[in-house]
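One is the number of the first residue; the rest follow in order along the sequence. It should be emphasised that the depicted structure is a prediction, and the values quoted were computed from it without experimental measurement.
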Amino acid sequence: MVLQALDIVGVFVFAISGALVAVRKDMDIFGMFVLAFLPAVGGGTLRDLILDVPVFWTTDVTYVGLTALAVSCVFFGHRFVSDATCWLTWMDAVGLSVFSVLGCQKALETGVGGVVAVMMGVITAVAGGVIRDVVANDVPYVLKQEIYATAALVGSAAYLLLVPLHSEWVVWVAIAAALSVRSAGIVWSLSLPKAKL
């Protein structure tokens with residue numbers, strides 16, 4: 001039940017992030033839906049294709065409905081958001097944190113090893129946003145200076161390490177770990193080291 005609720009939250013906030021990008025790009029409502037749907041389901045779709053399991057949203061139209069709801073909220077409410085870029089950043093951070101853990105959890109359920117499960121968590125969290133940004137002709141968040149994919153890696157790895165405890169708090173701790181790393185990257189503009197020429 002908790003994982004289902006978190007999945008809904010993750011889809012909704014990622015859809016909002018896509019819709020906000022569409023508003024910034026001056027797209028119509030159809031463009032808003034497309035850019036909302038891509039981050040909402042893109043990472044999970046790629047994960048399921050790699051794991052060779054049924055793609056989650058093809059058997060449950062709830063995800064389409066959540067995307068439509070997010071688009072409606074942004075379409076009618078974006079005027080009340082004074083800084084769409086700020087909202088986009090934090091909505092994206094929440095979605096990233098939730099999806100990294102849920103992606104790892106689903107991968108483990110299919111029986112893959114720990115390393116692959118962590119990779120699937122990162123893909124679930126990052127791939128949809130990359131697709132969104134490419135379609136919107138933006139530089140993907142994952143390629144920018146602030147720590148991004150690293151936060152997804154931390155969340156996935158934390159879940160993998162803590163899941164043997166069989167505690168209901170494992171999911172929350174792992175999400176908090178990912179969100180803490182991403183938040184630190186946002187607030188202090190932290191980035192990974194770069195090669196010097």
Side-chain angles (χ1 to χ4, degrees), residues 1-24 27 29-51 53-78 81 84 87-110 117 119-136 138 140-142 148-149 151-152 155-156 159 171-172 174-179 182-183:
M1 188 65 178
V2 173
L3 289 176
Q4 184 179 11
L6 289 175
D7 190 34
I8 290 173
V9 170
V11 169
F12 188 72
V13 297
F14 259 15
I16 286 179
S17 77
L20 285 171
V21 170
V23 170
R24 183 164 52 83
M27 295 183 181
I29 194 167
F30 178 76
M32 289 178 68
F33 184 85
V34 171
L35 278 197
F37 196 62
L38 290 175
V41 305
T45 298
L46 182 57
R47 173 204 63 214
D48 290 349
L49 290 173
I50 293 173
L51 295 174
V53 298
V55 177
F56 69 102
W57 61 269
T58 61
T59 57
D60 188 352
V61 296
T62 301
Y63 299 99
V64 178
L66 284 170
T67 302
L69 178 61
V71 169
S72 298
C73 290
V74 174
F75 185 79
F76 293 108
H78 74 276
V81 181
W87 278 91
L88 168 61
T89 300
W90 288 104
M91 288 292 96
D92 194 88
V94 173
L96 173 90
S97 304
V98 171
F99 276 10
S100 65
V101 175
L102 295 185
C104 182
Q105 190 266 347
K106 183 170 184 178
L108 288 173
E109 287 180 349
T110 68
M119 291 173 65
M120 291 301 102
V122 175
I123 286 172
T124 305
V126 171
V130 170
I131 297 169
R132 172 201 64 205
D133 293 341
V134 169
V135 171
D138 284 336
Y141 268 24
V142 70
Y148 191 79
S156 299
Y159 181 80
V171 171
W172 297 105
I175 290 173
L179 187 57
R182 179 66 184 123
S183 297

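With sequence neighbours excluded, no residue satisfies ring-ring contact (aromatic ring centres under 6.0 Å, His included) with Tyr159. For Val34, the side chain to side chain contact (heavy atoms under 4.5 Å, CB included) partners two or more places apart in sequence, or in a different chain, are Phe30, Leu38. With sequence neighbours excluded, the residues that form a ring-ring contact (aromatic ring centres under 6.0 Å, His included) with Phe33 are Phe37. The side chain to side chain contact (heavy atoms under 4.5 Å, CB included) test applied to Thr58 returns Val55, not counting sequence neighbours. Every side chain to side chain contact (heavy atoms under 4.5 Å, CB included) that Ala107 has, sequence neighbours left out, goes to Leu51, Val112, Ala117, Met120. For Ser183, the side chain to side chain contact (heavy atoms under 4.5 Å, CB included) partners are Trp90, Leu179, not counting sequence neighbours.
Applying the salt bridge (Lys or Arg N to Asp or Glu O under 4.0 Å) test to every pair with at least one member in residues 2-11, sequence neighbours left out, gives no pairs at all. Sorted by first then second residue, the salt bridge (Lys or Arg N to Asp or Glu O under 4.0 Å) pairs that include residues 125-134, not counting sequence neighbours, are Asp92-Arg132. Each salt bridge (Lys or Arg N to Asp or Glu O under 4.0 Å) pair with one or both residues in residues 30-50, not counting sequence neighbours, appears once here: Asp48-Lys106. For the side-chain hydrogen bond (donor to acceptor under 3.5 Å, both in side chains) condition, no pair includes a residue of residues 66-76, sequence neighbours left out.
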Check: Would Val135 and Leu35 count as a side chain to side chain contact (heavy atoms under 4.5 Å, CB included) if you check the C-alpha gap in whole Å, the side-chain angles of each, and the deciding distance to 0.1 Å?
Finding: CA-CA 8 Å; Val135 171; Leu35 278 197; 3.7 Å; yes

Check: Run the side chain to side chain contact (heavy atoms under 4.5 Å, CB included) check on Leu108 and Cys104 step by step: do they pass?
Finding: CA-CA 6 Å; Leu108 288 173; Cys104 182; 4.2 Å; yes

Margin query: Show, in sequence, the C-alpha distance, side-chain angles and deciding distance for Trp57 and Thr62, and conclude whether the side chain to side chain contact (heavy atoms under 4.5 Å, CB included) test is met.
Written below: CA-CA 8 Å; Trp57 61 269; Thr62 301; over 6 Å; no

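Between Met119 atom CE and Thr124 atom OG1 the span is 11.5 Å, to the nearest 0.5 Å. Here CG of Leu102 is found 10.5 Å from OG of Ser97. Values are rounded to the nearest 0.5 Å. To the nearest 0.5 Å, atoms CG (Leu96) and OG1 (Thr89) are separated by 12.0 Å. For the atom pair OG1 of Thr45 and CZ of Phe56, the computed distance is 5.0 Å after rounding to the nearest 0.5 Å.
At least one side-chain heavy atom of Val11 sits less than 4.5 Å from a side-chain heavy atom of Phe99.
When every heavy atom of Tyr63 is checked against every heavy atom of Val41, the shortest pair comes out as CB-CG1, 4.3 Å. Smallest separation of non-hydrogen atoms from Ser156 and Ser100: OG-O, 3.0 Å. Heavy atoms only, all atoms of each residue included: Val71 and Ala36 are closest at CG2-CB, 3.7 Å. Ala127 and Gly43 make their closest contact through CB-CA, 3.8 Å (heavy atoms, listed as atom of the first residue, atom of the second, distance). When all heavy atoms are compared, the tightest approach of Leu66 to Phe12 is O-CD1, 3.8 Å. Here the shortest heavy-atom pairing between Gly155 and Ala178 reads CA-CB, 3.7 Å.
The local environment of CE in Met91 is crowded, with over 12 non-hydrogen atoms from other residues, nucleotides or ligands closer than 6.0 Å.
Remark: of the listed residues Ile16, Val74, Asp138, Asp138 is the sole one forming a side-chain contact (heavy atoms from CB on, under 4.5 Å) with Val21.
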